[in-house]
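To keep things clear, I will list the structure first and then write my remarks on it.
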Amino acid sequence: MLFTCLIPVTAKNKSRISLNDEWQFKQSISQNWLPAQVPGAVHTDLMNNRMIKDPFYGVNEKSLQWIGEKDWEYKKTFIVDEALLQAPNVQLVFAGLDTYADIYINDYLVMKCDNMFRTWTLNPLPYLKKGENTIRIYFHSIFKVDMPKYLASPFQLQAWPNNDQSDIMLSLYARKAGYNYGWDWGPRLITTGIWRDVYLEYWDDIHIDGTQIITRKLESGKAKMEAVCTVMSDEDTKATFTVEYDKKEAVRKQVALTKGMNTVRVDFEVKNPELWWTNGLGNPRMYDFDIVLDKEGRKVTDRVKTGIRTLEIVREKDEQGQSMFVKLNGKAVFMKGANYIPLDNFPNRVPESWYEYIIKSAADVNMNMLRIWGGGIYEMDAFYEMCDKYGILVWQDMMFACGMFPADEHYLNSVAEEVKDNVKRLRNHPCIALWNGNNENEISYFGWGWKDRYTPEEDRIYQSNLHKLFYDVIPEAIQAVDETRYYHPTSPVTGYNNIDYNMGDVHFWSVWKGGWLEEYTEAKNIGRFMSEYGFQSYPEMRTIRRFASEHDLRLDSEVMLSHQRARNDQTRDPNFGNNMMKMYMEKYFKVPDDFSAFVYMSQYLQAEAVKIGIEAHRRAKPYCMGTLYWQINDCWPVASWSSIDYCGRWKALQYYARDAYDEVLVSPYASGKQVVFKAISDRLQKMKGELEITTLTLEGQTVFSKKVSFDLGANGCEDVASITTTELYGGKKENEVFIYVTLNENGKTVSSNIHYPVYSNQYTYSKVAPIITVEKTNEGVNLRLRSSALIRGLYLYVDDDESFFEQNYVTLIPGKEEVVQVKTHLSAAAFEKQLKYLSVNQVN
Ligand code: BMA
């Protein structure tokens, strides 16, 4: 590559030359350089060179542990010409190095890096020469670097035994993604390499280092805005500063700049702004703001893409404790969504289209928030761009999870820089709602008995460390680059040190760890914001076959158990996750003998379980103002709490979430000898509706029917009807009937639900087959489904990866037609031939 095209820096801010091409890598002790991909990871480079097998297949992961124990080197050569050497300002940028990396330019050691999450920059000019130059990066194994830190620690730091799947927990000492060391849904694959872009930047005597566009206030017909811009100038000078949007000039101002870094703050207004709204409430409108700095006719420009919106996290003391809710553009908005983990153990190979697929899948099921959990990564730009586009708010954790972390001076400084780098990168995304210090670092220490393992002196030191990290260093670093957002020190903030659930967000795990599903509905288990709860299931058979061969298809085979990482905290029993699924299945359904039927039942059980949780949380509105189940996605093919598996296949829960998260919901619940029907609306306008409540026998005989009209206010949540079970059951036994309710508006059903008086295993279901007709549509086929008796959880599938079922796991009400739309390239005839199904009726 030759830098002959050094254009004078008059039209834009900084010019950039990518250095991502033509890298090579090798193990440090080897002589053999091989082609490498940047951005990338050593594991994917080894795979691309056919030197290792797929770490996700079978138990390959185990035999690949050596990779993390070795040192690795990456290098590239490039040509520099005189023009670059003469440029007034040049910067070499490494947007992400994983993790202990020594950078050499032409064999000069120019920088030692030790934090995967930081952006590393340096002035390369003193080391560059005309002609060919070499960058080489030496990556030290984390074991070599972190073992001495571990041994020198004055007392042993703890991590939750489900993460860091080794006896010596080094993960706490490196600023590196926690899930690399293993998690209760992920393998242990300790990556290294150049995981984000490498580039050269150069500019003339002035450049814009960063701009934040802030919505200060919304008034009628206008938004009061502020541009906060940091400008680097090589001399004292004057310039004209303008902000433009939609090709209109919003403000012009003369500014005096001094040599060095300057902060320019300019107020402006946007007339008749189209606001950024979350999914379901309106259009997430994005604007391009152009910042132009004109110095004697030479222009330096910067573009910020953002939305106009105000957002607060309201944490006010009230009669019930302390609130925790999102106020967007002045309106309280109930948060509906899920927790999110990295999309892959090798996130660099995830294409942007996959980010869009996952975020769109969240939006398609009426979610409006995702929480980026602290054991992964500060996500790629694509993630936030998609959340901006689809109106999904982001709860952003800092990257700390379930452990005790050091707090020596070097570590604290490193964290401060990491936080500034990432917050600065992300602050203009309207999707980001709040910054959160960590995941479960306080509840684990104070609530899980860790504290008792230390002497009073050690406890004092650790608490002071915890305080420094999450109450001083991180919030101060955030404040330095983003003064607009609420900082939450830890998630959850309740559930330990006598802080009750009425004071903030809650991680509720009693269901899954042994209790009954109904515990989700108990008032004492619901807090102001449910930031975690969840239930495991298996991914569908096609995904399992991605890592297992036919003879592995047993729950307790070595391969299956290595793709099931949930463990009992104390006994470390590898069957724990499977046993939990079985135990709940036994209580509510039946444990099928057949493996694929078990996989199906695990998904149906998960969907029913989480539905109970979501509806209970929504019924508790406005006391509770958010519900995020654990977790939307996976980072490899595995049994986990996810609703979309690694291959992108929607589990039953993902389909269920669409109804449970719908803007208007009818939710029936048992209360003593009554069934109460609650209507919940997340709309900002009031509504008029009608409930139609019907009790049917399993074979479709109507034994009770009633219509109730109601009015519901904006953001309303009301009991609309309360009916005794004697009346509802119409003389039938409770295990002969089910109650079907629709919420209708202007004659159209906008929500429907089913209330089962007894557990599924107390019913005797008909074995009748569904009547399915397949019709061709523009995008594929429609399936018209009917049945003469109740069919629960009808899972329809074809062995074709390209076919996508828009609806699935449907329950057929006798006599009522359901339509399932399928996107497929198959002809209607071929589709019909391949179509298979499973239902609860068959396996119960
Ligand atoms: C939570 C999370 C994760 C974990 C999940 C499932 O509390 O914070 O650490 O994977 O539970 O156990």
Side-chain angles (χ1 to χ4, degrees), residues 279-280 356-357 360-367 390 540-543 600 603-604 607 611 643-645 647-665 692 694 696 700 740-754 766-842:
N279 184 34
E356 177 146 31
Y357 174 75
K360 184 173 180 303
S361 294
D364 282 346
V365 302
N366 301 312
M367 291 187 181
Y390 287 98
E540 69 175 78
M541 291 302 289
R542 279 180 300 166
T543 301
Y600 158 76
Q603 287 199 24
Y604 188 71
K611 171 184 191 279
S643 57
I644 303 178
D645 74 26
C647 300
R649 300 194 170 107
W650 286 23
K651 293 179 173 179
L653 172 56
Q654 184 72 13
Y655 291 100
Y656 264 50
R658 179 160 42 207
D659 289 341
Y661 281 154
D662 212 346
E663 57 163 1
V664 173
L665 172 74
E692 184 169 358
T694 316
L696 296 154
Y740 178 61
V741 55
T742 57
L743 189 160
N744 307 313
E745 189 184 30
N746 302 324
K748 208 179 139 235
T749 297
V750 292
S751 173
S752 67
N753 218 327
I754 300 174
S766 154
K767 298 286 180 215
V768 69
I771 303 157
I772 307 175
T773 47
V774 183
E775 280 170 11
K776 195 170 162 30
T777 60
N778 284 342
E779 290 194 300
V781 294
N782 272 355
L783 308 178
R784 294 191 178 277
L785 310 172
R786 275 183 167 274
S787 168
S788 57
L790 178 80
I791 297 184
R792 254 180 108 161
L794 182 66
Y795 161 52
L796 300 146
Y797 62 104
V798 286
D799 288 324
D800 168 61
D801 277 341
E802 305 297 314
S803 300
F804 181 79
F805 289 75
E806 295 287 349
Q807 296 81 23
N808 214 334
Y809 302 86
V810 285
T811 288
L812 297 183
I813 308 291
K816 185 176 172 295
E817 184 179 80
E818 286 288 338
V819 179
V820 167
Q821 297 149 301
V822 187
K823 287 204 182 95
T824 182
H825 60 101
L826 297 175
S827 70
F831 190 89
E832 187 159 9
K833 212 162 157 200
Q834 288 197 27
L835 183 66
K836 285 180 265 193
Y837 64 84
L838 258 177
S839 70
V840 175
N841 298 43
Q842 290 164 284

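Positions are given from 1 along the sequence.
Listed here is the closest heavy atom pair of Ser766 and Asn841: O-ND2, 3.0 Å. The minimum heavy-atom distance linking Tyr837 with Ala769 is given by the pair OH-CB, 3.6 Å. In terms of heavy atoms, Arg542 sits closest to Asp800 at NH1-O, 3.1 Å. Tyr740 and Lys816 get closest at one heavy-atom pair: OH-CE, 3.0 Å. Considering all non-hydrogen atoms of both residues, Asn279 and Tyr390 come closest at CB-O, 3.5 Å. Closest of all the heavy-atom pairs between Ala828 and Val781 is CA-CG1, 3.8 Å.
Between the OG atom of Ser803 and the OH atom of Tyr797 there is a distance of 14.0 Å, given to the nearest 0.5 Å. Put simply, OG on Ser827 and NZ on Lys833 are 9.5 Å apart, with the number rounded to the nearest 0.5 Å. Between Arg792 atom CZ and Ile754 atom CD1 the span is 7.5 Å, to the nearest 0.5 Å. Between atom NZ of residue Lys611 and atom CG of residue Asp659 there is a gap of 8.5 Å, rounded to the nearest 0.5 Å. For the atom pair Glu832 CD and Leu826 CG, the distance stands at 12.0 Å (nearest 0.5 Å). Asn366 contributes atom CG, which lies 10.5 Å from atom OH of Tyr661 (distance to the nearest 0.5 angstrom).
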Query - Worked verdict on Phe804 versus Trp650 for ring-ring contact (aromatic ring centres under 6.0 Å, His included) - result: CA-CA 9 Å; Phe804 181 79; Trp650 286 23; 5.1 Å; yes
Requested in this report: Under the side-chain contact (heavy atoms from CB on, under 4.5 Å) rule, what do Gln654 and Asn808 come out as? Steps first, then yes or no, please.
Outcome: CA-CA 10 Å; Gln654 184 72 13; Asn808 214 334; over 6 Å; no
Requested in this report: Would you please test Val822 and Leu796 for side-chain contact (heavy atoms from CB on, under 4.5 Å) and show each step?
Outcome: CA-CA 10 Å; Val822 187; Leu796 300 146; over 6 Å; no
Report task. Run the numbers on Val664 and Glu745 for side-chain contact (heavy atoms from CB on, under 4.5 Å), then give the verdict. Result -> CA-CA 10 Å; Val664 173; Glu745 189 184 30; 5.9 Å; no
Query raised in the report: Does the side-chain contact (heavy atoms from CB on, under 4.5 Å) test come out yes or no for Gln603 and Tyr795, once each step is laid out?
Result: CA-CA 10 Å; Gln603 287 199 24; Tyr795 161 52; over 6 Å; no
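One N or O on the side chain of Arg786 and one on the backbone of Gly815 form a donor-acceptor pair closer than 3.5 Å. A side-chain donor-acceptor contact under 3.5 Å links Thr777 to the backbone of Gly780. Panel note: side chain Thr811, backbone Gly793; a donor-acceptor pair is recorded below 3.5 Å. The backbone N or O of Glu775 sits nowhere less than 3.5 Å from a side-chain atom of Asn782 that would complete a donor-acceptor pair.
Counting heavy atoms from C-beta on, the side chains of Lys836 and Asp799 come closer than 4.5 Å. Side chains of Val810 and Tyr655 form no contact here, defined as non-hydrogen atoms less than 4.5 Å apart. In this structure, Glu779 and Gln821 have side chains that are not in contact, with every pair of non-hydrogen atoms separated by 4.5 Å or more. By the 4.5 Å heavy-atom criterion applied to side chains, Ile791 and Leu785 are not counted as neighbours. Ile772 is not listed as a side-chain neighbour of Val820, based on a closest heavy-atom distance of 4.5 Å or more. Residues Asp801 and Arg649 meet the side-chain proximity criterion, which asks for heavy atoms closer than 4.5 Å.
Taking the six-membered ring for Trp and thresholds of 30 and 60 degrees, Tyr809 and Tyr600 have nearly parallel ring planes, at less than 30 degrees apart.
Side-chain contact annotation: Asp645 with Thr543, donor-acceptor N/O pair under 3.5 Å present.
By the 6.0 Å contact criterion, NZ on Lys767 is enclosed, its count of non-hydrogen atoms from other residues, nucleotides or ligands being greater than 12.
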